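To start, the structure under review is shown below, and the notes come after it.
Residues: numbered from 1 along the sequence shown. Quick caveat: nothing in here was measured; it's all calculated off a predicted structure.
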Amino acid sequence: MTLLLLSSAFNDFILQKQLAGLSDATVSDYRNIIGIFVTYMGGNTEMATLTYDTVTGFILDLYKRPISKATVATYIRNIRIFLRWYHTEY
């Protein structure tokens, strides 16, 4: 069984969104916001090792940053979209 790395899943997600015809701005937002998540978790992280606790840790870290609650909500929404896509596709 081949394990899927977070960076590979992220690249697949971006490609699928481009193929789906999403606007360049939307794809760019996904790339930027989910890219922050990928960097935080580490691109070589295996998708199977992501847990509620690791994702929650990222969210808690967002609240410590000098960004608005609305921005945090946008980050969470985008991460949720990515993780739901992963769950559906894999």
Side-chain angles (χ1 to χ4, degrees):
M1 179 175 140
T2 303
L3 297 175
L4 183 65
L5 298 180
L6 177 56
S7 59
S8 296
F10 173 60
N11 290 333
D12 290 349
F13 173 81
I14 294 298
L15 177 62
Q16 289 297 317
K17 295 307 174 184
Q18 290 170 324
L19 292 173
L22 272 63
S23 74
D24 290 343
T26 299
V27 172
S28 179
D29 284 347
Y30 283 149
R31 185 177 287 114
N32 293 331
I33 292 171
I34 300 168
I36 292 168
F37 175 72
V38 172
T39 299
Y40 178 88
M41 293 294 173
N44 290 328
T45 300
E46 296 172 359
M47 288 298 294
T49 66
L50 290 180
T51 65
Y52 175 83
D53 289 337
T54 57
V55 175
T56 300
F58 172 72
I59 293 168
L60 290 173
D61 185 68
L62 288 176
Y63 282 112
K64 295 176 186 174
R65 297 179 185 198
I67 54 178
S68 71
K69 288 183 180 182
T71 299
V72 171
T74 299
Y75 281 38
I76 293 169
R77 183 174 52 255
N78 280 265
I79 301 307
R80 184 179 296 136
I81 290 167
F82 169 65
L83 293 175
R84 284 184 180 159
W85 169 86
Y86 168 75
H87 181 74
T88 301
E89 293 295 316
Y90 295 95

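- L5 and M41 fall into different hydrophobic clusters, where Ile, Leu, Val, Met, Phe, Trp and Tyr residues are linked whenever their side-chain heavy atoms come under 4.5 Å apart, directly or through other members.
- Note on L3: it does not cluster hydrophobically with Y86, by side-chain heavy-atom contacts below 4.5 Å among ILVMFWY residues.
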Q: For side chain to side chain contact (heavy atoms under 4.5 Å, CB included), just list the numbers for E89 and L4, CA-CA rounded to whole Å, side-chain angles, deciding distance to a tenth of an Å, and then say yes or no.
A: CA-CA 12 Å; E89 293 295 316; L4 183 65; over 6 Å; no
Using a 3.5 Å cut-off and no angle test, enumerate the donor-acceptor pairs between side-chain atoms of residues 25-35 and protein atoms at least two apart in sequence or in another chain.
{"unit_1": "T26", "atom_1": "OG1", "unit_2": "S23", "atom_2": "OG", "d": "2.9"}
{"unit_1": "N32", "atom_1": "ND2", "unit_2": "S28", "atom_2": "O", "d": "3.2"}

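- Counting only heavy atoms from C-beta outward, the side chains of I81 and W85 never approach each other to under 4.5 Å.
- Connection of L60 to F58 is not established within any shared hydrophobic cluster, with ILVMFWY side chains joined at heavy-atom distances below 4.5 Å, either directly or through further cluster members.
- Between R80 atom CZ and I76 atom CD1 the span is 7.0 Å, to the nearest 0.5 Å.
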Q. Between F37 and V55, does a side chain to side chain contact (heavy atoms under 4.5 Å, CB included) hold up when you go through it step by step?
A. CA-CA 9 Å; F37 175 72; V55 175; 4.2 Å; yes
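- The minimum heavy-atom distance between T45 and T49, with the atom names listed, is CG2-OG1, 3.3 Å.
- A distance of 13.0 Å separates OH in Y75 from CD1 in I59, rounded to the nearest 0.5 Å.
- In this structure, the side chains of L50 and L83 come closer than 4.5 Å at one or more pairs of heavy atoms.
- Y52 belongs to no multi-residue hydrophobic cluster, having no ILVMFWY side-chain contact under 4.5 Å with any other such residue.
- Tracing side-chain contacts under 4.5 Å through hydrophobic residues (I, L, V, M, F, W, Y), one never reaches L15 starting from L6; they form parts of separate clusters.
- Contact annotation: the side chain of M47 never approaches that of Y90 to less than 4.5 Å [non-hydrogen atoms, C-beta and beyond].
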